[in-house]
A.B. asks: 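A single structure is presented below for examination.
For the single chain, residues carry numbers from 1 onward in sequence order.
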Amino acid sequence: LKAAAAEGFAVVINLAPLDPRYSLADEAGLVPSLGMDYYCIPVAWDQPLESDFTAFSTLLNQLDEKKLLIHCAANYRVTAFFSFYAMQKLGWSAEKASQFRALIWKPGEHPIWQTFIHQMTEKLTAHD
């Protein structure tokens with residue numbers, strides 16, 4: 001986080017639940033002490049919700065052009081949520097979003113998330 005602050009990041013968004021097995025001790029205190037804003041949207045691994053994504057999207061819309069560091073425990077939540085946001089706001093196609101997620105996700109991996117990704121993709125492309 002010190003390196004991120006030195007690189008000019010203004011905001012840290014954590015998408016993982018606060019859990020000592022996967023989180024830095026007192027990340028919520030450390031980030032502001034380094035001059036960055038901190039937000040946590042604790043997305044449950046075993047139950048990702050559309051409302052979690054809505055909170056993420058709403059937050060990103062409020063942050064304008066600030067340099068962001070978005071993280072979770074292993075980048076799964078991040079790649080899924082950012083791909084949805086990019087489809088919603090940046091004009092990404094479903095195919096481009098899928099290619100982006102493929103950098104982290106493997107086919108058939110984590111069925112709950114695969115179902116969630118499919119449902120969100122369907123919802124985000126319904127207007128096409």
A.B. asks: Pick one: which of Phe82, Trp105, Trp113 meets ring-ring contact (aromatic ring centres under 6.0 Å, His included) with Tyr76?
C.D. replies: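 Per the ring-ring contact (aromatic ring centres under 6.0 Å, His included) rule, the option paired with Tyr76 is Trp105, out of Phe82, Trp105, Trp113.
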A.B. asks: So, taking the atom named OG1 in Thr125 and the one named CD in Gln88, what distance separates them when rounded to the nearest 0.5 Å?
C.D. replies: 12.5 Å
A.B. asks: Just wondering, do Leu34 and Phe9 contact through their side chains at under 4.5 Å, heavy atoms?
C.D. replies: no
A.B. asks: Using the rule ring-ring contact (aromatic ring centres under 6.0 Å, His included), only one of Phe100, Phe116, Trp92 pairs with Phe84; which is it?
C.D. replies: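 Only match with Phe84 under ring-ring contact (aromatic ring centres under 6.0 Å, His included): Phe116.
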A.B. asks: Any chance you could measure Ile112, atom CD1, to Ile117, atom CD1, to the nearest 0.5 Å?
C.D. replies: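 Reported value, rounded in 0.5 Å steps: 12.0 Å.
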A.B. asks: Between the side chain of Ser98 and the main-chain N/O of Glu95, is any donor-acceptor distance below 3.5 Å?
C.D. replies: no
A.B. asks: Check Leu1 against Glu27 and note the closest heavy-atom contact, atom names and distance.
C.D. replies: CD1-CG, 4.1 Å
A.B. asks: Looking at CD of Gln99 and OG of Ser93, how far apart are the two atoms once the value is rounded to the nearest 0.5 Å?
C.D. replies: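 If we round to the nearest 0.5 Å, Gln99:CD and Ser93:OG are 7.0 Å apart.
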A.B. asks: Taking all non-hydrogen atoms of both residues, which atom of Arg77 and which atom of Pro17 are closest, and how far apart?
C.D. replies: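 The answer is NH2-CD, 3.6 Å.
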A.B. asks: Compare all side-chain heavy atoms of Phe56 with those of Val43 and state whether any distance is below 4.5 angstrom.
C.D. replies: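 No, too far: nothing below the 4.5 Å cut-off.
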A.B. asks: Supply the atom-to-atom distance Ile104 CD1 to Thr79 OG1, rounded to the nearest 0.5 angstrom.
C.D. replies: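 Interatomic distance, Ile104 CD1 to Thr79 OG1, rounded to 0.5 Å: 5.5 Å.
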A.B. asks: Can you tell whether the side chains of Asp37 and Lys66 come within less than 4.0 Å, N to carboxylate O?
C.D. replies: yes
A.B. asks: When you compare the side chain of Lys123 with that of Glu50, does any pair of heavy atoms fall below 4.5 Å?
C.D. replies: yes
A.B. asks: Distance-only, no hydrogens or angles: does the Lys89 side chain make a donor-acceptor pair with backbone N or O of Asn61 under 3.5 Å?
C.D. replies: no
A.B. asks: Are any of the side-chain heavy atoms of Leu60 and Ile13 separated by less than 4.5 Å?
C.D. replies: yes
